[in-house]
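All remarks here apply to the structure that follows.
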Amino acid sequence: MAMEPRSFQLFPDSASNFAPQVDGLYLYMVLISAFFSLLVAFLIIYFAVKYRKRPGQGLPRPADEHSIGGMILEITWSVIPLGLSLVMFAWGASIMFTESRPPKDALNVYVTGKRWMWKIQHLEGAREINELHVPVNRDIRLTMTSEDVIHDFYVPAFRTKQDVLPGRYTTEWFRPTKVGQYHIFCAEYCGTKHSGMVGTVTVMNAEDYDKWLAQGSGEGSMSEEGESLFRQLGCANCHVKDGHGRAPNLYGAYGMKVDLADGSSVRFDEAYTRESILYPQAKIVAGYDRIMPTFKGLISDEGMLKLIEYIKSLGDPNGVIPERDLPHEPSNIQKTGPTMPDQSEMPAAKPAAAPKAAAATTPTGNR
Ligand code: CUA
């Protein structure tokens, strides 16, 4: 899988949607810097020669600081560089904003950094270490976390780079535009073997990618594994499907706004899910008791990602909530049954009414 040795290269490969943009900005900055460096160097030499002291000449007359000509010169050499550097700022900011906002329908891949390796987990179940296989011309979103210290996932050919932090999720996205293999580097000093924390991104055409995915790891998809974890840990005892449990219903909850007991609200996202599992007392959903125990120490970072993926896959049972903000859901994961009790009666209904309502319209199960 080693990359072919290359002759001297001034630039890394240009293999993502960002590469031409970043290179364009870089070229602009290099040209501006080169132009002014040469101009200043030339003028130093030119003036040194032109105004050199000649034999028999006295001290030159000092320039008039208040002359109009001097003023115009000052303003000109302030305004032009200001304009040129504001272009750099606006151009750079626009690229940065694009890079920090993954498209909604991007293909989600999970990355866990650990001294000194990259563990990659695909939604469909495939896992890899220090390797990342992605299809060409498809938006890819990496959701990343670290098991220990701060790392940084850097693919020079894609011109993207993002810190990977313990206890948090960060994202990075790109659209590979060229089939091939490219370096992954860790770009944050993380200990003895930091320089060895490298890997390879393999960009494949769609067909090859599907074939590669189909080989799989023999294990279930992430959300399937998340579901069994959900059962093993006993989550299902309280977070019951019909919304009458001791804990909030998780069906259709991901991506929505959650009202909290203290009157504030929070978005049901990856960070909120993680916090609620590790520190359940941090945010209590309105109408529920502080009864959930912490699962800190009982669940690995990878297990956490699977649980999150499972909770995402629970989707919206009623199909009535507009504008859900779900990231990519793999098509091969079966959705929940077609019907659930009318949502309006779910939180309000008395427990006594529950069995009836549930029995009448119980979905066929998650799978
Ligand atoms: Cu991980 Cu440097």
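Keep in mind that what you see is a predicted model, and the values were worked out from it rather than measured. Just follow the structure's listing: the first ligand is 1, and inside any ligand the first atom is 1. Because only heavy atoms are used, hydrogens play no part in the values below, and waters and symmetry mates are left out as well, while side chains stay in.
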Tell me whether the centres of the aromatic rings in Phe174 and Phe18 are closer together than 6.0 Å. no
Near atom 1 (Cu) of ligand 1, meaning under 2.8 Å, the protein N/O/S atoms are His151 ND1, Cys186 SG, Cys190 SG, Met197 SD
Determine yes or no for a side-chain-to-main-chain donor-acceptor pair under 3.5 angstrom, with Arg175 supplying the side chain and Ile140 the backbone. no
Where the side chain of Asp13 meets the backbone of Ala157, is there a donor-acceptor pair that is under 3.5 Å apart? no
Leu278 backbone acceptor or donor facing Thr294 side chain under 3.5 Å: yes
Can a side-chain donor-acceptor contact be found between Asn108 and Thr143 if the only test is distance below 3.5 angstrom? yes
Could you tell me whether a side-chain N or O of Glu225 sits under 3.5 Å from a main-chain N or O of Lys306, the two making a donor and an acceptor? no
